[in-house]
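Just below is one structure, and these are the notes that go with it.
The first residue in the sequence is number 1, and the count goes up from there.
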Amino acid sequence: MTNQTQSIQELNQELKQRFNDEIRTPLGAFEPERKKTIEKICKICFIGIVFLTLSVLLFVSFFVLNIPEFPGILFTFAGFFGIPISISLTGVFCVKAKRKYEKNMKRNVMPVFLKSLGENWKWTSNNLQTSFKELTSSGLIDYFSDYDMSAPINYFLDSFAGDYKNAPVNITEAMLRVNSKNGGYSVFDGLVTTFKVSNHYEGHTVFYKRGLRTFFRMNTEVLKQLKEVKEIPNSKFKRSYVVRTNNISEAKTILTDEFMEQCFKLKEFFKAYAVNFSFKDDLVLMTISHFRDCFAIPSIFKPIYDTKVWYRTIDELTAILSTVDALKLNKGNE
C-alpha cells in the first residue's frame with residue numbers, strides 16, 4: 001500500500017490523487033442506479049401527495065359541501081385517518097427505497113473505492129473482524145457479564161481489512177447491543193480497530209477515558225486485575241485518561257508523547273466521546289466511541305462520485321492508520 005518511510009500526510013494526498021485519477025470515473029457507472037432510485041422515490045411521493053389531497057378533500061367535504069350527514073361523516077372520518085396514513089406510508093416507502101439504494105450501492109462501490117488503497121484491502125458488511133473473546137479480554141468492552149447472549153442485537157456497518165506498513169489492520173464500525181434480564185442494553189457505538197504486531201507484549205496495558213459512563217461499559221473484572229499507573233508526566237493526559245497495567249515498565253514505553261497526542265487528535269477528529277486502547281499479546285485494540293456514520297457514501301441526491309464525501313472517508317481511514325506511526329507498530333515488521 002505504501003513504503004515504510006512515507007508519512008501519513010503523504011499517503012492521504014496520494015490516495016486522494018489516486019481517487020481522482022483512477023477511481024472517480026469508474027464510479028460514474030453506478031449513476032443510472034442512483035437516478036432510477038430517485039425516480040422511484042418521486043413516484044412514491046407523487047402517489048402519496050395524490051392520496052393526501054384526496055384525504056384532505058374528503059375531510060373538508062362535509063363542512064364545505066352540502067352532503068347528507070350519513071355519508072358526510074364517513075367522508076370526514078376517512079379523510080381524518082387518511083391524512084396521517086398517507087404521510088406515514090409515503091415516508092416509510094421513501095426511506096425503505098433510500099436504504100435499499102445505500103445498501104446495494106455501498107456493496108457495489110466499496111470494492112471499487114478500495115482499489116485506491118491497494119489490492120490487499122477488503123471491505124465487508126455485517127461482519128465483526130475482531131472476535132468477541134478479544135473484545136472482552138481486552139477490558140475495553142463488557143460484552144458477556146450478566147447478559148443473555150441467546151439474542152444479541154448487533155449492527156456491523158462497515159468492515160475494512162488490510163495492512164499499513166506491514167502491520168495488519170482490521171477496522172469495523174459497530175453498534176453492539178445485548179439483551180439483559182432487565183431489558184436491552186447498549187454496550188458500544190463506534191469504531192473497533194485492531195493492529196497486529198510482530199513483537200508480543202509481555203503484560204496487559206489499558207488506556208481509557210476517565211468517567212463512570214466509560215467504566216460501566218467496560219469489563220471491570222479485567223480492569224480490576226490491572227494496577228493503575230499514578231505517575232504520568234503529561235498532566236493533560238492524566239486528567240483525561242486512566243492507565244492500568246500489570247507491567248509498569250512496558251506501559252511507560254507505550255506512553256510516549258506521540259501516542260498521547262494521537263489519542264487527543266483522534267478524539268477531536270472523530271468528535272468522539274472516548275478513544276480507548278488495550279495492549280495485550282500481539283494485539284493492539286482501539287475503540288472510538290462516537291455517534292455518527294463513518295465511511296459514508298454520497299447522499300442519493302448527489303453524484304456517487306462526489307469528491308467531498310470520498311475524501312472524508314480517506315481522511316477517516318488515514319486518521320486511524322496514523323496510529324501505526326504514533327505507536328511505531330511497524331518497527332518490528334520492517
Side-chain angles (χ1 to χ4, degrees), residues 1-44 94-129 155-174 191-194 269-270 292-325:
M1 176 179 171
T2 182
N3 59 60
Q4 298 293 324
T5 60
Q6 187 180 37
S7 69
I8 200 68
Q9 293 80 12
E10 291 172 338
L11 173 63
N12 184 282
Q13 293 302 314
E14 178 186 323
L15 293 178
K16 290 177 179 178
Q17 186 62 47
R18 193 180 301 170
F19 173 82
N20 282 324
D21 295 343
E22 303 174 14
I23 308 301
R24 193 172 186 271
T25 299
L27 288 180
F30 300 101
E31 273 294 284
E33 183 177 348
R34 182 183 72 87
K35 294 177 180 179
K36 183 179 179 180
T37 304
I38 292 178
E39 291 177 1
K40 182 178 180 179
I41 291 176
C42 290
K43 290 178 181 179
I44 293 172
C94 286
V95 170
K96 186 177 180 180
K98 180 175 177 291
R99 288 180 177 174
K100 183 179 179 181
Y101 160 81
E102 291 174 344
K103 183 178 179 179
N104 293 337
M105 189 60 68
K106 181 166 279 192
R107 185 174 62 247
N108 291 329
V109 303
M110 272 301 180
V112 178
F113 167 74
L114 282 184
K115 290 180 180 178
S116 62
L117 277 75
E119 295 298 329
N120 60 331
W121 278 84
K122 307 296 179 184
W123 172 89
T124 59
S125 63
N126 299 321
N127 181 33
L128 182 64
Q129 299 287 344
Y155 302 93
F156 308 128
L157 305 182
D158 294 285
S159 293
F160 300 88
D163 67 73
Y164 173 61
K165 294 185 176 180
N166 296 329
V169 181
N170 289 305
I171 305 169
T172 302
E173 185 176 19
L191 299 173
V192 177
T193 303
T194 59
F269 178 83
F270 286 99
R292 67 184 184 86
D293 184 20
C294 290
F295 316 122
I297 64 172
S299 164
I300 190 173
F301 301 106
K302 293 183 178 180
I304 191 61
Y305 48 78
D306 182 61
T307 303
K308 183 178 180 180
V309 177
W310 290 111
Y311 275 13
R312 177 67 183 180
T313 296
I314 292 174
D315 289 340
E316 290 166 344
L317 288 171
T318 53
I320 293 172
L321 296 179
S322 64
T323 305
V324 173
D325 293 331

Quiz item: Just checking, Arg18 and Phe113: is the charged tip under 6.0 Å from the six-membered ring centre and within 45° of the axis?
Solution: no
Quiz item: Do we see a donor-acceptor contact under 3.5 Å between the side chains of Lys16 and Asn12?
Solution: yes
Looking at every non-hydrogen atom in both residues, tell me the closest pair between [X] and [Y] and how far apart they are.
X      : Y      : answer
Pro298 : Pro303 : CB-O, 3.5 Å
Thr37  : Ala97  : CG2-O, 3.9 Å
Cys294 : Leu191 : SG-CD1, 4.3 Å
Tyr101 : Arg34  : OH-CG, 3.3 Å

Exercise. Measure up the Phe160 and Phe295 rings against each other and bin them: parallel (under 30°), tilted (30 to 60°), perpendicular (over 60°).
Key: perpendicular
Quiz item: Are Tyr164 and Leu117 side-chain neighbours, meaning at least one heavy-atom pair lies under 4.5 Å?
Solution: no
Quiz item: Hey, are the side chains of Glu33 and Ile304 touching, using non-hydrogen atoms and a 4.5 Å cut-off?
Solution: no
Quiz item: So how far is it from Glu316 CD to Asp293 CG, rounded to the nearest 0.5 Å?
Solution: 8.5 Å
Quiz prompt | Charged N-O contact under 4.0 Å between Lys106 and Glu102 | solution = no
Quiz item: Is Lys36 salt-bridged to Glu39, going by a charged N under 4.0 Å from an acidic O?
Solution: no
Quiz item: Is the number of heavy atoms from other residues, nucleotides or ligands within 6.0 Å of CZ (Arg99) greater than 12?
Solution: no
Contacts under 3.5 angstrom, residues 21-30 side chains, donor-acceptor by atom type, not counting sequence neighbours:
{"unit_1": "Asp21", "atom_1": "OD1", "unit_2": "Gln17", "atom_2": "NE2", "d": "3.1"}
{"unit_1": "Asp21", "atom_1": "OD2", "unit_2": "Gln17", "atom_2": "NE2", "d": "3.0"}
{"unit_1": "Arg24", "atom_1": "NE", "unit_2": "Thr307", "atom_2": "OG1", "d": "3.1"}

Self-check item: Asp163: which of Asn120, Asn170, Leu321 passes side chain to side chain contact (heavy atoms under 4.5 Å, CB included)
Solution: Asn120
Quiz item: Do Ile300 and Ile41 pass the side chain to side chain contact (heavy atoms under 4.5 Å, CB included) test, and can you show the C-alpha distance, the side-chain angles, and the key distance before you say yes or no?
Solution: CA-CA 10 Å; Ile300 190 173; Ile41 291 176; 3.9 Å; yes
